[in-house]
Protein chains: 2
Amino acid sequence: MKRTDRKSDCAINYSLEHIGDQWSLLIVRDMIYFGKRTYGEFLASDERIGTSVLARRLSELERSGILTKTPSQTDKRKDEYHLTPKGLDLVPILVDLTEWGAAHDPDTGADLHTIVKAKANRTGFIRRLRAAAAV
Amino acid sequence: MKRTDRKSDCAINYSLEHIGDQWSLLIVRDMIYFGKRTYGEFLASDERIGTSVLARRLSELERSGILTKTPSQTDKRKDEYHLTPKGLDLVPILVDLTEWGAAHDPDTGADLHTIVKAKANRTGFIRRLRAAAAV
DNA sequence: CTGTATCCTTAGGGATACTG
DNA sequence: CAGTATCCCTAAGGATACAG
C-alpha cells in the first residue's frame with residue numbers, strides 16, 4: 001500500500017489495513033496453531049478458502065513482510081511458507097481474537113482448554129506458540 | 001449473520017466475521033482511547049469515515065451486541081453510543097493491534113510512551129482503559 | 001447538526017480453467 | 001498436486017442528497 005493511500009498514521013489503522021480482512025489471520029492461525037506450511041495444507045482448512053483467494057492473500061502477506069515463500073527442500077514441486085518475526089508478532093492478536101470469539105460466540109466450538117491455558121498464563125502460552133511456529 | 005452463513009465454527013473466524021473489517025475497530029478505538037460517544041465525534045476522526053459508512057457500522061456493531069445506542073439526556077437531538085461488556089472485551093485486541101502497528105509501521109505516528117506503558121504492565125493498562133471506557 | 005437513504009464504485013471473495 | 005490467471009459477483013466503502 002502506498003504511503004499516501006493510508007487513511008491515517010494511526011498504528012491500529014496500519015494493522016487493520018494489513019491484516020484486517022477475512023482471510024489473512026486465518027492463514028496465520030493455521031501456521032501458528034496448526035503448523036501448516038504448504039499451499040495444500042492451507043486449502044484444506046474448515047473455511048474452504050478458494051485457490052485464487054489463497055494465492056492472493058499469500059502474496060500480499062509476503063509483500064507485507066509477514067511471511068516468506070521458499071522452495072521446499074523435500075518436495076521440489078512445493079513452496080514452503082514461513083512466518084517472519086513480524087508475522088510471529090501476530091501471536092498475541094490471535095490469542096486475543098480466540099478469547100474474544102470463544103467468550104462471545106454462542107455456537108463456538110473452540111478448544112476451551114486451550115483458552116483457559118491462555119488466560120492462566122498468557123505470557124508463557126504466547127512464548128510457546130511463537131517458539132513452535134518459528135520452526 | 002445467520003448461523004449457516006458462517007465459514008466455520010472457529011472462534012477466530014467468529015471474531016473476524018464480526019469485527020474483521022476496516023472500520024469497526026476504529027470506531028471502538030475512538031470510544032476506548034478517546035472517549036467518543038456521539039456520531040459527530042466519530043465523524044471527526046483522522047480517517048474521515050463517511051456518514052453512510054458510519055451509520056451502517058454503528059448499526060451492525062449494535063446488532064452484534066458490541067455497543068448500545070440510546071438517546072442523549074443532555075442533547076435531545078443526539079444519540080449516545082456506549083460499549084457493552086462484549087465491546088469492552090475488545091480492549092486487549094486494540095492494545096495488541098496498537099503494539100503490532102507501532103512496532104512494524106515504519107511511518108507510525110503512535111504514542112510510543114503509551115505503548116511502552118502497555119507492554120510494561122499490560123493487565124493494569126487494560127483495566128484502566130476498560131474502566132475509563134465503561135462510563 | 002444528527003442521522004438516514006440512495007446511488008455508484010471498487011476491492012475482495014468465489015468458481016473455474018489452466019500450466020507445470 | 002502446486003500454484004496461477006481469469007472472470008464474475010457481491011458486499012463494503014464512498015459521495016451526496018435528504019429529512020428531522
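Residue numbers start from 1 in every chain, and the chains themselves are labelled A, B, ... in the order their sequence lines are given, proteins ahead of strands. Values below: every heavy atom of this structure, side chains too, minus hydrogens, waters and symmetry copies.
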Atom-to-atom span, OH of A:Y39 to P of D:dT4 - whole angstrom: 7 Å
Check against side chain to side chain contact (heavy atoms under 4.5 Å, CB included), A:H82 and A:L67: CA-CA 5 Å; A:H82 287 270; A:L67 52 77; over 6 Å; no
Pairing residues for A:T84 by the side chain to side chain donor-acceptor pair (under 3.5 Å) criterion, not counting sequence neighbours: none
Outermost nucleotides of DNA chain C that come under 4.0 Å of a non-hydrogen atom of chain B: C:dC1 to C:dT6
Results of salt bridge (charged side-chain N to carboxylate O under 4.0 Å, His left out) for B:K86 - residues two or more places apart only: none
Residues in side chain to side chain contact (heavy atoms under 4.5 Å, CB included) contact with A:T51, at least two apart in sequence or another chain: A:Y39, A:L43
Inter-axis angle, terminal five-pair segments of the helix from C:dC1-D:dG20 to C:dG20-D:dC1 [nearest 10°]: 20°
Side chain to side chain donor-acceptor pair (under 3.5 Å) against A:R37, all qualifying residues, sequence neighbours excluded: none
Interatomic distance where NZ belongs to A:K78 and P belongs to D:dC1 [whole Å]: 10 Å
side-chain N/O A:K69 vs D:dT4 OP1/OP2, d < 4.0 Å: yes
Under the salt bridge (charged side-chain N to carboxylate O under 4.0 Å, His left out) test, residues paired with A:R77 that sit two or more places apart: A:D75
Contacts of type side chain to side chain contact (heavy atoms under 4.5 Å, CB included), residue A:K36, not counting sequence neighbours: A:D30, A:F34, A:E41, A:F42, A:S45
Partner set under side chain to side chain contact (heavy atoms under 4.5 Å, CB included) for A:S52, not counting sequence neighbours: A:R56
Pairing residues for A:D79 by the salt bridge (charged side-chain N to carboxylate O under 4.0 Å, His left out) criterion, not counting sequence neighbours: A:K69
B/S/- contact track for nucleotides 8-20 of chain D, protein heavy atom under 4.0 Å: ----SBBBB----
Partners meeting side chain to side chain donor-acceptor pair (under 3.5 Å) with B:E60 (sequence neighbours left out): B:R57
